[in-house]
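Worksheet for the structure shown next.
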Amino acid sequence: MSEIKRFLLKRLLALIPVLLGVSVVTFALINLTPGDPAEIAIRASGVQPTSEAVEAMRQKLGLEGPVYRQYIRWLWKVIHLDLGQSFNSGLPVAQELLLRFPATLRLALCALAFTAVIALPLGIFAAIYPGSPIDHISRVCALLGSSMPGFWLGLLLIYALAVRLKLFPVVGMGGIKHLVLPAFTLGFGLAAPYIRLLKTSMLEVLQKDFINTARAKGLRERLVIARHALKNALLPAVTLLGMNFGGLLSGSFIVETIFSWPGIGKYAVDAIFLKDYTVIQGYVLLMAVIFVLVNLLVDLCYVFLDPRIRLS
Amino acid sequence: MAKKFFRQKQAVAGLVVILAFFAASLLAPYIAPADPLKVDLEHKLMPPSSAHPLGTDQLGRCILSRLLYGTRTSLLDAVLVLGMILAISIPIGTIAGYVGGRVDNWIMRIIDILLAFPSMILALAITGLMGPGLIHMLLALAAVWWISFARIIRGMVLQIKEKDFTLAAKACGDSHLKVVFRHILLNAVSPILVLATLEIGSIILAISGLSFLGLGAQPPTPEWGAMLSDSKPYIETAPHLMLFPGLTIMLAVMAFNFVGEGLQKAISSPGTGGQGKQEGGGLRAKRPLLKISFFKIGEEKKT
């Protein structure tokens, strides 16, 4: 257990420079704006900027003084969960993001559930029955999932299932029915690499000696697959989950926009067109922190799932 | 290698499609049935006909012509982004891998920090902060995509650096520049080519995705993603508006994936073309593994 604690401590300490680096990059992003952010902020609120107003806004945004002081001030605020105020609504960005976060989380979790429902059976059965119809279906799904633009799939689903068959609502958030199309759109694209990976790792595991041993001792095939093969074949998928979580977050802003899903992705895209730079900055920071933490979680899961890593 | 590549039907089909797309981008003014920007409100939202084989859009513009001209924006810009990515990532990855020590350590720490951002979200933010527009979007994509490339190329350089022929060249007194260019980069060309071909599909998807959101090509420039975005309000009355641009994007991405996988197989399998199939259940099944192994070369997984 002490080994795990040491590993955990090491990983948590390694997070500090990464998070500091993330904060520096996020802070620096505001310099990409064409022109003075303070002036843009005033214009965004519909007021003609005067030099006094710009100066006051610069102070409010913490943009006066040397850059390193601006950064320290900004970081101090961020540590206290103050991401500034939205140029448009005037409300705290952190509050606006947290308000919309549950909707994005719900969408992401349901998308992951769809990914598992699609990828697990297709990947596993394609490996157990190579050349069978399910193997062909898994190939087609993997091919479509990796080549099909998610936003096009979303539009096709809206057309077929919402407009024509009227099985689901077209856009918006409400009950479970509202969730199905956006979650499937997001989940289907993610499933492609899992189908391939599960099939490959399953094929590899099925050739291992311990599988032969399990079969030789007379264990039923179902138990060989479920208890011995699947457990080992799932390990690489856990790593991929961490790597793909970024894809899930990235995909969510397009899917949320198509389906008018009131999550943080849509909020950020809307903020771009409103030139609400503090919102964009806050969004990037939040996404990066979530991505880093999920990867840490995945690494920890890996340590618990694979004793070989613990021993080494 | 060429023989092995051309033995694979899928890869050859992909190559033919890619060549057809590039030919379309060059020959668009000669083969397009109409001017892609010409507005003709009398014939708006028309279904496919002999005059307009794929129908017309909400402004009466010929969809086929717009798709053909869109090849220039969507496809050639993807190549441009790829060029920018390689121009940044090859020197950085090579320096990190070859020089090693503190230089490598610093570069990798910076890369680790940048990899902590989901790439598309960073691209979205950069484009958003710079202001929507095609050039800004392309710069943003190059600015986020080089990071993973540099990491992978560093891994390749680290591996090749330890090979006997590199050590022999060093022992013979070859200069560092000669070792890097003649031995290391020359041997990294093939895997970089595979990587680039596999990634170009994703770049096309990213360009069309950001354009779909209105952050890339601005109207009236014909671009596949933007065309899909324009089709949204007419999904019920004119579904052909969203059908053809989507199919075109999918075809292009699929073609690049096929060629990338074909190249990968031609390079990696020393035996016959069927080897990969027996081991990994098909080429496509091998792709993520290749990516993961690239990521893992000499480096722990990103934080």
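So that the names make sense, note that chain A is the first sequence line, chain B the second, and so on, each numbered from 1.
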Exercise. A:Leu29, A:Val269, A:Leu198: which one forms the most heavy-atom pairs within less than 4.5 Å of chain B?
Worked result: A:Leu29
For this session: Please look at B:Leu251 and chain A and tell me whether the side chain, the backbone, both or neither of the residue comes under 4.5 angstrom of a heavy atom of that chain.
Result: neither
Seminar exercise, completed: In short, B:Asn257 meets A:Ser147 closest at the heavy-atom pair ND2-OG, 3.9 Å
Problem set entry | Flag if over 12 foreign heavy atoms under 6.0 Å of CZ, A:Phe273 | yes
Problem set entry | Check: B:Leu247 main-chain N/O paired with A:Trp152 side-chain donor or acceptor under 3.5 Å | no
Exercise. What part of A:Leu293 lies closer than 4.5 angstrom to a heavy atom of chain B: side chain, backbone, both or neither?
Worked result: neither
Seminar exercise, completed: So CG of A:Leu32 and OG1 of B:Thr127: to nearest 0.5 Å the spacing works out to 10.0 Å
Problem set entry | Check: B:Phe117 and A:Leu249 side chains under 4.5 Å, non-hydrogen atoms | no
For this session: Could you tell me which of B:Gly214, B:Ala123, B:Pro239 has the largest number of non-hydrogen atom pairs under 4.5 Å with chain A?
Result: B:Pro239
Donor-acceptor pairs under 3.5 angstrom involving side-chain atoms of residues 14-28 of chain A: please list them, not counting sequence neighbours.
residue: A:Ser23; atom: OG; partner: A:Leu20; partner atom: O; Å: 2.5
residue: A:Ser23; atom: OG; partner: A:Tyr71; partner atom: OH; Å: 2.6
residue: A:Thr26; atom: OG1; partner: A:Val22; partner atom: O; Å: 2.6

Seminar exercise, completed: Given the options A:Ile280, A:Ile272, A:Val284, B:Leu124 meets side-chain contact (heavy atoms from CB on, under 4.5 Å) only with A:Ile272
For this session: Would you mind checking which part of A:Leu248 comes under 4.5 Å of any heavy atom in chain B, side chain (CB onward), backbone (N, CA, C, O), both or neither?
Result: neither
For this session: Give, for atom CG of A:Leu286 and atom CD1 of B:Ile121, the distance between the pair rounded to the nearest 0.5 Å.
Result: 9.0 Å
Exercise. Going from CG on A:Leu143 to CD on B:Glu261, what distance comes out if it is rounded to the nearest 0.5 angstrom?
Worked result: 8.0 Å
Exercise. CG of A:Leu144 to CE of B:Met250: how many Å apart, nearest 0.5 Å?
Worked result: 5.5 Å
Seminar exercise, completed: Cut-off 4.5 Å, heavy atoms of chain A, and the answer for B:Leu243 is both
Seminar exercise, completed: So, the part of A:Pro34 with a heavy atom under 4.5 Å from chain B: the answer is both
Exercise. Does CD belonging to B:Gln218 count more than 12 external heavy atoms closer than 6.0 Å?
Worked result: yes
Exercise. Of all heavy-atom pairs between A:Ile254 and B:Gly209, which one has the smallest distance, and what is that distance?
Worked result: CD1-CA, 4.0 Å
Exercise. Do A:Gln281 and B:Leu129 touch side chain to side chain, with heavy atoms closer than 4.5 Å?
Worked result: no
Problem set entry | Partner chain B: residue of A:Thr33, A:Asn31, A:Leu285 with the largest heavy-atom pair count (under 4.5 Å) | A:Thr33
Problem set entry | Closest contact, heavy atoms only, B:Leu205 versus A:Met148 | CD2-C, 4.4 Å
Exercise. Any side-chain heavy-atom pair from B:Met120 and A:Phe253 closer than 4.5 angstrom?
Worked result: yes
For this session: Taking ring-ring contact (aromatic ring centres under 6.0 Å, His included) as the test, write out the residues that go with B:Phe212, two or more places apart.
Result: A:Phe151
Exercise. Should we say atom CZ of A:Phe125 is surrounded by more than 12 heavy atoms from elsewhere, each under 6.0 Å from it?
Worked result: no
